[in-house]
Novice: 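First the structure, which I've put down as structure tokens, then a few questions once you've had a look.
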Amino acid sequence: MKELEKQYDAKSVETRWYQWWQQQGCFHSDASRGGTPYCVVIPPPNVTGILHIGHALNNTIQDILVRWQRMDGKNTVWMPGTDHAGIATQNVVERALRKEGKTRHDLGREAFIKKVWDWKDEYGGTIVRQLKRLGASCDWERERFTMDAGLSEAVEEVFCRLYDKGLIYRANYIVNWCPRCHTALSDEESEHQDTAGKLYYIRYPVKRDGKLTATEFVVVATTRPETLLGDVAVAVNPKDERYKALIGKSLSLPVLHRELPVIADEFVDPAFGTGAVKVTPAHDPNDFDMGRRHELTPINVMHPDGVMNEGAGPYAGLDRFECRKRIVTDLTAAGLIEKIEPHQHAVGHCYRCDTVVEPRLSLQWFVRMKPLAEPALQAVLDGRIRFVPDRWNKVYGDWMENIRDWCISRQIWWGHRIPVFYCDSCNHQWAARGKPGQCPTCQSEKIRQDEDVLDTWFSSWLWPFSTFGWPKSNEDLKFYYPGNTLVTASEIIFFWVARMVMAGIEFMGDIPFREVYIHGTVRDDKGRKMSKSLGNSIDPLTIIDQYSADALRYSLMMITATGQDVYLSNEKFEIGRNFGTKIWNAARYMQMQESATPVPVQDGKRAEDSDFDPALLSADDRHILVKLSRSIESCTENLKRFRFNDAAHDLYEFIWHEYCDWYVEYSKDVLYGQDPARRAEVLKVMHYVFSNSLRLLHPFMPHLTEELWHGMGYGADSESIMNAPWPKPLTDGLARWGATSEGAAYVDARHELISIGRMLRVDCGIAPGQKIDYIVKSNTPELTAQLRADTATLVAMLKAGIVTIDDGFTPGKAMPSALTPIGTIYMPVEGLIDIAAESAKLSKQLEELAGHLAKANQKLENQAFISKAKPEVVAQFEKSRQELQGKYQKVKHLLEMLG
RNA sequence: GGGCGUUUAGCUCAGUUGGUUAGAGCGCUUGCCUCACAUGCAAGAGGUCACAGGUUCGAGUCCUGUAACGCCCACCA
């Protein structure tokens with residue numbers, strides 16, 4: 001035990017203990033140790049990422065769960081790692097290249113990939129280092145990266161299995177295309193944003209007998225006029241009387257003068273726009289389907305970078321948006337624009353670079369999702385996997401039920417290359433693990449691998465088992481899989497959570513985790529999402545520097561209600577800092593008292609768990625022990641239910657307001673007093689309560705609690721609080737020490753009584769320093785006796801003004817024998833409370849209660865009701881009546897006292 | 001267009017199965033540098049629980065509807 005500094009130095013304490021934990025191997029879990037496993041896998045942050053406040057929230061929650069379970073005796077592993085984040089990482093490196101005036105094509109594929117690896121090695125660890133500053137107790141020896149050899153092997157294995165099963169196919173289809181990243185995106189990667197666009201009404205001249213009629217038009221409405229260059233038809237609803245006559249006739253495509261047939265298709269909604277739709281199969285998913293139905297050949301008019309191609313005729317070489325402007329100008333000049341209306345619609349944006357996504361026809365790889373989704377849906381429906389809060393079950397279910405095939409190919413370089421090979425000799429196509437040297441069919445060596453790489457989520461959906469060494473069977477996998485809890489934000493339920501469930505069931509034959517806790521999104525104090533571009537993000541590292549990691553963690557937990565979004569501003573982190581300071585000072589107080597009466601130390605640690613002598617315990621001692629036991633119960637229960645804010649609030653209330661405000665204050669009478677036996681006993685109680693509190697608090701504030709654990713000598717030097725047992729409710733102890741809830745209620749009531757005394761004291765202007773005994777005076781000795789036995793009633797009566805506190809005691813004189821002081825500090829006077837008003841209030845209350853009671857009785861005497869209603873309903877009513885009756889009696893009692 | 005969430009004190013939010021007087025933190029007012037802590041202590045003010053109906057002896061809590069704000073999903077051009 002060493003003397004605690006006056007000021008808690010969070011910075012040095014936090015780095016010191018974190019290093020020590022790592023040196024001691026405290027975070028490492030080993031399957032061979034056996035026991036009950038508890039396994040959490042981190043949502044792998046992007047390797048390019050830096051810690052933002054959302055990570056801080058997400059990882060604090062995981063760390064709390066993991067530290068709690070570890071203390072509770074589980075063989076606990078928290079699997080850490082990072083994601084190679086295909087597009088995101090490639091973008092970062094490309095941006096760096098651009099500063100040197102180069103593109104990735106200047107380097108070539110191989111050199112570029114090497115460059116990315118170099119970048120990863122140099123800068124990639126940032127977020128990992130930052131997680132360490134947060135205090136995350138990840139098993140760093142197991143750290144994985146989605147492009148590790150092992151995980152890449154898992155990716156190939158999975159691809160081949162799905163390929164051979166026929167669940168992976170390659171097809172020409174309209175996909176979400178990012179013209180800036182030059183790649184296809186999955187549906188999930190295209191983010192819809194409401195955009196104020198325009199709806200252009202364009203006249204398509206009708207041809208009759210092969211000749212243009214200059215006066216007759218079909219008007220179509222479109223939001224993307226530039227795509228008309230790729231039109232191959234105009235569609236109308238077959239039931240639409242306006243256009244019936246035109247079906248089968250032709251129109252002339254403005255500008256390019258291509259002949260377009262008018263086709264009939266049920267898809268067209270006659271109520272929208274003009275009821276006539278231009279059909280552009282290469283640039284719109286609906287049009288693509290229509291094109292197929294009517295066997296129309298798509299015409300692609302755009303390059304991959306969003307620049308118009310030769311198909312666009314005179315507009316070739318223009319950027320798509322420039323082309324839009326020009327075409328509108330030209331159409332206007334030609335009198336072919338009927339009108340332009342403002343139009344609100346959702347436009348897809350690339351989730352990585354925010355560029356407007358272009359629906360584009362291209363050859364891509366897809367995973368057939370239906371067969372995978374069905375068992376994954378079932379797992380949630382039958383409760384094997386549970387979302388918390390449970391409303392996410394439905395969100396997950398809806399997505400699974402309406403699942404669409406997953407576009408997994410990306411036209412970038414950074415990522416897992418698609419393990420499909422083509423033989424140039426015999427045109428054979430196959431999927432293979434590793435690097436095949438020749439074609440399995442014709443043995444030709446003229447083979448080449450598919451150029452595309454896989455969606456980054458194609459490796460992260462395997463995370464719960466690939467990180468444990470799958471596809472190789474091993475002890476880790478057997479022991480830790482399936483994991484227990486997944487902690488994440490709602491944004492990646494579809495990207496990641498849902499797909500992990502599918503992969504787990506498909507490849508491991510079992511769900512990957514049992515519970516999914518979805519926490520809220522962190523927003524600023526105006527409710528906006530935190531983002532770099534808005535400049536409103538709070539940097540957790542700044543907070544750690546300014547307040548400490550523990551303060552950050554605790555504050556986050558205090559203000560994060562289960563699954564609700566979190567609104568943050570800098571000042572909120574004072575909660576955690578102040579709480580830490582409070583605890584620090586409570587410890588210092590105990591240490592100062594210790595120097596006078598040391599508590600025995602055995603085996604290098606304090607025997608803070610030794611038993612108490614009931615004969616030496618006062619009501620206050622028992623009270624704090626009862627409260628401690630309740631805190632242990634509620635804290636554990638709240639953690640089980642993912643109610644981190646309740647757990648944090650309860651601990652705050654207990655440690656600050658019960659322990660510090662009342663018990664520590666009370667202890668001063670004893671510790672500054674002269675009774676050595678009581679002194680020792682009270683110190684023992686304090687250490688007992690404090691060491692339990694530190695353990696309960698440890699998952700929330702790991703560094704501070706470790707520092708105090710050692711500072712107070714609760715563990716031997718080599719023992720971490722991380723491995724101290726999680727406190728259990730004190731049921732047996734309380735019984736042995738004679739600590740009951742009645743006794744605790746008595747002390748609670750007395751605390752309230754003392755508060756009333758303080759209130760009166762302030763009202764009377766008694767100086768703070770002036771100590772005066774007070775007595776409770778009532779008109780009869782019987783009542784006095786009763787009040788002494790029932791402090792709760794006394795408090796009620798005091799408040800109602802039925803009894804008064806009197807200063808009938810003169811310092812230096814003996815106390816009147818019939819009356820015993822209940823507190824020892826404060827003095828006050830009669831006449832502060834308006835007895836008449838209080839009594840009127842009580843009367844009114846009683847009257848209302850009588851009414852309620854009468855009606856409740858009436859209900860219960862109604863035979864028709866009794867015979868018809870279910871027994872449990874009747875029981876409920878009976879219970880209600882009894883509650884009412886109790887309340888009625890209480891108020892009546894008070895009124896009678898008042899006389 | 002569909003789904004979901006939120007609406008409680010000046011601010012940010014708790015309030016578990018309906019039941020004593022609706023809570024906390026911050027902010028504000030008053031008094032205290034009292035020998036653990038001014039990052040603190042004691043006390044106080046401040047609420048028609050968004051609105052309208054309904055169920056109930058009793059509703060912040062359950063039901064129906066309305067409004068405002070927010071989020072997610074969505075191939076009506």
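Naming: A, B, ... by sequence-line order, numbering from 1 per chain. Every heavy atom of this structure was used, including side-chain atoms; hydrogens, water molecules and symmetry mates were not.
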Novice: Report yes if a donor N or O on one partner sits less than 3.5 Å from an acceptor N or O on the other, where the partners are the side chain of A/Q7 and the base of B/U39; otherwise report no.
Specialist: yes
Novice: Phosphate oxygens OP1/OP2 of B/C71: is one of them under 4.0 Å from a side-chain N or O of A/W392?
Specialist: no
Novice: Can you confirm if the NZ or CZ of A/K394 lies within 45° of the ring axis of A/F387 and under 6.0 Å from the centre of its six-membered ring?
Specialist: no
Novice: Given atom CH2 of A/W656 and atom P of B/U39, what is their separation to the nearest angstrom?
Specialist: 11 Å
Novice: Suppose you measure atom P in B/G60 against the same atom in B/U16; what distance do you get, rounded to whole Å?
Specialist: 13 Å
Novice: Does the side chain of A/H192 get closer than 4.0 angstrom to OP1 or OP2 of B/A74 through an N or O atom?
Specialist: yes
Novice: Let's test your reading of the model: under 3.5 Å, does the base of B/A36 pair with the side chain of A/E665 as donor and acceptor?
Specialist: yes
Novice: What's the CG-P distance between A/D194 and B/A74, to the nearest Å?
Specialist: 13 Å
Novice: Write down the distance separating the C1' atoms in B/G47 and B/A22, rounded off to the nearest Å.
Specialist: 9 Å
Novice: Taking side chain as C-beta onward, heavy atoms only, is A/N176 less than 4.5 Å from A/D187?
Specialist: yes
Novice: Would you say B/U6 has OP1 or OP2 under 4.0 Å from some side-chain N or O of A/R391?
Specialist: no
Novice: May I have the distance from A/R577 (atom CZ) to B/G40 (atom C1'), rounded to whole angstrom?
Specialist: 12 Å
Novice: Are the charged groups of A/K572 and A/E574 less than 4.0 angstrom apart, N to O?
Specialist: no
Novice: Using the P atoms only, state how far B/C41 lies from B/G15, rounded to an integer number of Å.
Specialist: 26 Å
Novice: Considering only atom P, compute the distance from B/C4 to B/G65 and round it to an integer number of Å.
Specialist: 12 Å
Novice: What integer distance in Å separates A/D669:CG from B/C35:C1'?
Specialist: 14 Å
Novice: Can you tell me, in whole Å, how much space there is between the C1' of B/A24 and that of B/U8?
Specialist: 13 Å
Novice: If the P atom of B/A74 is compared with that of B/A59, how far apart are they to the nearest Å?
Specialist: 43 Å
Novice: OP1 or OP2 of B/G40 sitting under 4.0 Å from any side-chain N/O of A/N578?
Specialist: yes
Novice: Taking only side-chain N and O atoms of A/K572, does any of them lie within less than 4.0 angstrom of OP1 or OP2 on B/C13?
Specialist: no
Novice: Quick one: is A/Y672 getting a side-chain N or O under 4.0 Å of the B/A36 phosphate, OP1 or OP2?
Specialist: yes
Novice: State whether the number of non-hydrogen atoms from other residues, nucleotides or ligands found under 6.0 Å of A/E637 atom CD is greater than 12.
Specialist: yes
Novice: For A/V279, report the nucleic acid contact type (base, sugar-phosphate, nothing); a contact means any heavy atom under 4.0 Å.
Specialist: nothing
Novice: Expressed in whole Å, how much space separates the P atoms belonging to B/C63 and B/U17?
Specialist: 11 Å
Novice: Can you tell me the distance, in whole Å, between the CZ atom of A/F579 and the P atom of B/C41?
Specialist: 12 Å
Novice: Pick the nucleotide of RNA chain B nearest each of A/T581 and A/F272; which residue has the one closer to the 5' end?
Specialist: A/T581
Novice: Write down the distance between CG (A/D661) and P (B/C37), rounded to a whole number of angstrom.
Specialist: 15 Å
Novice: Determine the Euclidean distance between corresponding P atoms of B/U66 and B/G58; express it in Å to zero decimal places.
Specialist: 26 Å
Novice: Counting only side-chain N and O atoms of A/H343, is one of them less than 4.0 Å from OP1 or OP2 of B/A77?
Specialist: yes
Novice: Partner lookup for B/U66, please. Criteria are Watson-Crick or G-U wobble with both distances under 3.5 angstrom; report none if nothing qualifies.
Specialist: B/A50
Novice: By the 4.0 Å heavy-atom rule, please label A/A346 as base, sugar-phosphate, or nothing.
Specialist: base
Novice: Find the distance A/H657:NE2 to B/C41:P and express it as a whole number of Å.
Specialist: 7 Å
Novice: Go ahead and name the base partner of B/U61; Watson-Crick or wobble counts if both distances stay under 3.5 Å, otherwise write none.
Specialist: none
Novice: Looking at B/C37, I'd like to know if its phosphate oxygens (OP1 or OP2) sit under 4.0 Å from a side-chain N or O belonging to A/K6.
Specialist: yes
Novice: Between atom CZ in A/F495 and atom C1' in B/C73, what is the gap in whole Å?
Specialist: 13 Å
